[in-house]
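Below is one structure, written out as structure tokens; the observations come after it.
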Amino acid sequence: MATLTLESLGKTYDSGASAVRDVNINVADGEFLVLVGPSGCGKSTLLRMIAGLETVTDGTIRIGDRVVNKLEPAERDIAMVFQNYALYPHMSVRENLSYGLRNRRMAKAEINRRVDEAAKILEIGDFLERKPRALSGGQRQRVAMGRAIVREPSVFLFDEPLSNLDAKLRVSMRGEIRSLQKRLGTTSVYVTHDQLEAMTLADRLVVLRAGKVEQIGTPLEVYQRPASTFVAEFIGSPAMNLLDGVMQGHALSIAGASLTLPHSHQGPVRVGVRAEDLRAAPAGTTGGLPVHLRYVEELGSQRLGHFDCAGERLIAAFPSGQALSDEMALMAPPEALHLFGADGMRLA
Amino acid sequence: MVENQRWLNVLAHAVLILGVIVVALPVYIAFVASTHESGAFMSGVIPMLPGHNMVETYSAVLRGGVSSQISQPIWLMLGNSMIMALMIAVGKIVISITSAFAIVYFRFPCRGLAFWMIFITLMLPVEVRILPTYKVIADLGMLNSYAGLSIPLIASATATFLFRQVFLTMPDELVEAARIDGAGPMKFFRDILLPLSKTNIAALFVILFIYGWNQYLWPLLITTDPSYTTIVSGIKRMTDVQDGTPMWNYIMAVSVLAMLPPVAVVVFMQRLFVKGLIETEK
Ligand SMILES: Nc1ncnc2c1ncn2[C@@H]1O[C@H](COP(=O)(O)OP(=O)(O)OP(=O)(O)O)[C@@H](O)[C@H]1O
Ligand SMILES: [Mg+2]
């Protein structure tokens, strides 16, 4: 059990590409931190630097109070679960689990105890003698987890461990990883590009963009107060609606509608509003946002209306019974609006 | 295997049978010749069925009772060939697997240069560099020795390339997982790379053993001491009779016997590497 500290961490590849820039994160003991971001934003690079598989070009990594920059992966007291599991194909499940322990010259009895315990936790006891080839994807995933667990490391590192599984299995494995991590209380860093996975797993979320930290916070904080239009569009499904508007003092005008807001600003803004915060304006009210219905997506529990609003796309979520017409008006409470400056950063 | 039309099956079988005949007929004739009396093949009509002399001929050859015809006891020649072929096959595999390991997994200065030097030797088989190689071996005092027979044939770029290709297909994550599991380079090589290359090693062993077994020119050149005669050059010597006709029945019997070890290697190793192919996946 340990904390993990990243201080002004940076990585420039030999090719000159800068993949990670000035990352500062403190991961508390036992915390589940999720790194999320679009493809190519440097999540894997960051994780692999922590693992020791990639050299650090700037800054320091501390596990507990040891600086580990120069240590071999095996000396860092970490365990990593890979996207494609990376099980040794010629070894049985038992050998796969125990290989790292045998390399550390651990006593046989202790190895067996740990393997059996991990097998019990992960319910892989029945196929300990099989080769990975004879396992399903989900079972391989468990074995990969088992290999991490038996090491009893200070930090677990996961690089998109669920992305090779089908959707249903992914959801159930997600729950298992979460409860397992809580039970073992091991500090964990988890990489994913799936925002839903990130939201459901994380104690804290780190949104990365082009190698830099865009926002750090609990899933709710990030969801409710995205720090930029980038985060606003990335976290949450459907993505947050963003419309162009102009503010003059407290008065906001967007797409022909105008509103009075609690905060004031001068000049053009991006206005964000979540689909679930939009309602149909009752007939006869003024000040609603005039929209044109393009199509409706039925989700069962709710229906998503896809609208055109002065040339921009807008999605609103309605209760399943709600009637929608081609031309209608939408409104949202002023406190549900997110304001972003011209640079995309949150104003208030 | 979607096509299942009758005539396609017939055609496929016809082609296969033709191939088998082309390959097997000379071998069969050699066997038939070894079972007849020595003059039978010179009589103008080549017999197509085995004769009655098989037991006599083979026991004579194996007991070394035809010393006037065979310069050395056949067991000695078979043994020499076996030692040479094994040294070449094992030596080539050991050298090429370690050099491929170095080239694929280590970043060292002049790595590119080393790679290209190995590559260039592809264009220099023994026959091309035979004179300088002979000089080197002679100067090192390795004429008439097993080392002299095998070492010059061991240097091989093809096998290095094969292993390099095999190693390049190993997923990077496997290397990384091993690093996290605390396996140093040699441990990784022994515990992971070698077992995963098992099938390739077996296949290569078969090819190299036969290559070594069939060597003719080089052994002929550097062994003057008859006790180092290999079976292939021994057979050649049997056909060089000063006066009179060669004893074809004995020659063919020795040829058939000389074929057995490579056949045994193929049969035995094939099982091993087919099994390996089924068992491992990367
Ligand atoms: N070995 C390398 N050499 C040079 N550049 C690299 C190397 N590995 C990654 N990069 C670059 O670094 C950036 C970050 O890559 P990284 O693999 O960390 O992305 P990622 O966030 O994990 O993406 P994904 O979600 O697709 O896995 C990318 O622009 C990539 O092209
Ligand atoms: Mg990645």
Side-chain angles (χ1 to χ4, degrees), chain A residues 14 44 47-55 68 71-92 95-106 111 130-135 140 143-144 146-148 150-151 153 155-161 164, chain B residues 93 97 100-101 103-112 115 163 165-205 269 271-282:
Chain A
D14 292 340
S44 298
L47 194 78
R48 292 162 50 79
M49 284 164 83
I50 301 171
L53 298 170
E54 233 33 280
T55 54
V68 297
L71 295 185
E72 269 293 299
E75 297 164 340
R76 295 192 179 195
D77 202 16
I78 50 111
M80 183 154 169
V81 179
F82 294 87
Q83 177 173 354
N84 61 7
Y85 322 134
L87 300 175
Y88 309 120
H90 58 295
M91 294 186 193
S92 68
E95 289 167 331
N96 262 287
L97 294 189
S98 62
Y99 184 62
L101 306 182
R102 279 182 281 144
N103 284 344
R104 285 201 260 172
R105 304 185 188 289
M106 189 175 281
I111 294 181
R130 279 197 222 165
K131 297 269 170 69
R133 170 182 69 82
L135 301 178
R140 286 181 208 188
V143 175
R147 191 166 62 177
V150 293
R151 307 197 57 186
V155 182
F156 281 141
L157 304 173
F158 300 88
D159 193 351
E160 310 206 16
N164 283 356
Chain B
I93 287 173
I97 203 168
F101 178 55
I103 283 172
V104 174
Y105 289 104
F106 292 84
R107 305 277 165 277
F108 52 89
C110 302
R111 176 163 153 269
F115 179 74
F163 283 121
Q165 260 6 77
V166 172
F167 293 169
L168 287 178
T169 63
M170 303 266 174
D172 289 342
E173 281 85 354
L174 222 50
V175 186
E176 293 171 347
R179 265 180 87 187
I180 291 177
D181 269 342
M186 290 330 281
K187 222 176 167 57
F188 170 71
F189 181 70
R190 205 186 57 214
D191 291 348
I192 291 158
L193 225 41
L194 272 189
L196 289 180
S197 315
K198 221 167 45 187
T199 55
N200 305 87
I201 293 175
L204 204 61
F205 181 85
M269 293 302 265
R271 250 198 225 146
L272 199 82
F273 73 70
V274 168
K275 186 161 149 255
L277 279 179
I278 297 165
E279 262 185 5
T280 57
E281 94 179 351
K282 274 163 231 150

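Reminder, nothing fancy here: chain letters follow the sequence lines and each chain counts from 1. Atom set for the values below is all heavy atoms of this structure, side chains included, hydrogens, waters and symmetry mates excluded.
Looking at A:Leu87, only its backbone comes within 4.5 Å of chain B, counting heavy atoms on both sides. Within the 4.5 angstrom heavy-atom criterion, atoms from both the backbone and the side chain of B:Asp191 approach chain A.
Per-residue heavy-atom pair counts under 4.5 Å with chain B were compared for A:Arg104, A:Arg76, A:Glu75, A:Arg147, and the maximum is reached by A:Arg147.
Closest approach of B:Lys187 and A:Tyr99 over heavy atoms only: O-OH, 3.9 Å. Taking every heavy atom of both residues into account, A:Pro73 and B:Ile180 meet most closely at CB-CG1, 3.8 Å. In terms of heavy-atom proximity, B:Leu196 sits nearest to A:Pro89 at CD2-CG, 3.6 Å.
In this structure, A:Tyr88 contributes its side chain and B:Ala177 its backbone to a donor-acceptor pair below 3.5 Å.
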Using the rule given for side-chain contact (heavy atoms from CB on, under 4.5 Å), can you reason through A:Arg151 versus B:Asp181, listing the C-alpha separation, both sets of side-chain angles and the distance that settles it, and then say yes or no? CA-CA 9 Å; A:Arg151 307 197 57 186; B:Asp181 269 342; 4.1 Å; yes
Test side-chain contact (heavy atoms from CB on, under 4.5 Å) applied to A:Arg48 and B:Glu176, step by step: CA-CA 10 Å; A:Arg48 292 162 50 79; B:Glu176 293 171 347; 2.8 Å; yes
Starting from the C-alpha separation in whole Å, work towards a yes-or-no answer on side-chain contact (heavy atoms from CB on, under 4.5 Å) for B:Ile192 and A:His90. CA-CA 8 Å; B:Ile192 291 158; A:His90 58 295; 4.0 Å; yes
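Separation of atoms CE (A:Met80) and CZ (B:Arg179) is listed at 11.0 Å; rounding is to 0.5 Å.
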